[in-house]
Each structure stands twice: as structure tokens, then as C-alpha cells.
Amino acid sequence: IEYSNVGIFGDGLLAAFNGKNWGYINGAAETKIEFNYESAGIFYNKMAAVKSNGKWGVINRLNKWVINPEYDDYTILKSKSNSPSIEACK
């Protein structure tokens with residue numbers, strides 16, 4: 001399988017674009033999260049922001065919603081303790 005675009009490895013997963021949608025693969029190029037997203041960010045602390053139906057949300061490594069996709073945009077903020085928080089805009 002060839003990918004027309006890939007992201008940066010985070011937590012052992014890499015966002016990849018298959019020409020139609022984004023999903024996540026591992027280092028052996030095995031699909032770990034199906035290619036169902038319009039856009040996909042880097043995994044950080046076992047979570048990643050993804051865009052579905054025009055809205056951003058956050059999934060975990062099991063592809064379960066941690067934050068439902070209801071936001072127009074998002075920013076990942078890091079604190080001094082290096083723990084991320086997410087700022088989202090509706």
C-alpha cells in the first residue's frame with residue numbers, strides 16, 4: 001500500500017493518507033486505525049485530534065472518541081509539566 005502523505009510518529013502510530021482518507025499505521029505499515037478521517041494529527045499521550053464530518057474531536061489508540069467531533073478548530077497546548085491540554089473552538 002502506498003500513501004500519498006504521512007505525518008509524524010507519535011506513540012508508535014503514524015497518520016497516513018491513502019488518497020481518500022486519513023488513518024493510522026504502525027512502523028510495519030500495518031493499519032491500526034481505519035482510514036475514516038478527513039484529517040488526522042499526531043498521537044500524543046495516547047490521544048490524537050482527528051476531523052470527521054467537518055468537525056474536530058479526539059480519539060484514543062482504540063479509535064474511541066475521547067472528545068466528540070463538534071469543534072471547528074483545535075490547538076494542543078503543553079504545560080511546564082509537559083502534559084498536553086486541548087483548546088477547541090466551536
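Model, not experiment: these values are computed from the prediction. Positions are given from 1 along the sequence.
- The minimum heavy-atom distance between Ala48 and Gly41, with the atom names listed, is CB-O, 3.7 Å.
- Panel note: side chain Glu70, backbone Gly57; no donor-acceptor pair is recorded below 3.5 Å.
- Using a 4.5 Å heavy-atom cutoff, the side chains of Lys46 and Asn60 are not in contact.
- With a 4.5 Å cut-off on side-chain heavy atoms, Ile59 and Trp65 count as touching.
- Below 30°, between 30° and 60°, or above 60°: for Tyr3 and Phe35 the angle between ring planes is below 30°, a parallel geometry.
- Distance CG/Asn18 to NZ/Lys20: 8.0 Å, rounded to 0.5 Å.
- Across all non-hydrogen atoms, the minimal contact from Gly10 to Ile42 is CA-CG1, 3.9 Å.
- Taking NZ of Lys64 as the start and CD1 of Ile33 as the end, the distance is 10.5 Å to the nearest 0.5 Å.
- Nearest heavy atoms, Asp72 versus Trp56: O-CD1, 3.4 Å.
- How far CG of Leu14 is from CG of Asn26: 9.5 Å, rounded to the nearest 0.5 Å.
- Atoms CG and CD1, from Leu13 and Ile8 in turn, are 14.0 Å apart once rounded to the nearest 0.5 Å.
- Here Asn21 contributes atom CG and Glu38 contributes atom CD; the two are 8.0 Å apart, rounded to the nearest 0.5 Å.
- In this structure, the side chains of Asp11 and Tyr24 stay at 4.5 Å or more apart for every pair of heavy atoms.
- With contacts defined as side-chain heavy-atom distances shorter than 4.5 Å, the pair Tyr71/Val58 does not qualify.
- For the pair Asn5/Trp22, a side-chain contact is recorded, criterion being any heavy-atom separation below 4.5 Å from C-beta on.
- Residues Ser52 and Pro69 share a closest heavy-atom pair of O-CB, 4.2 Å.
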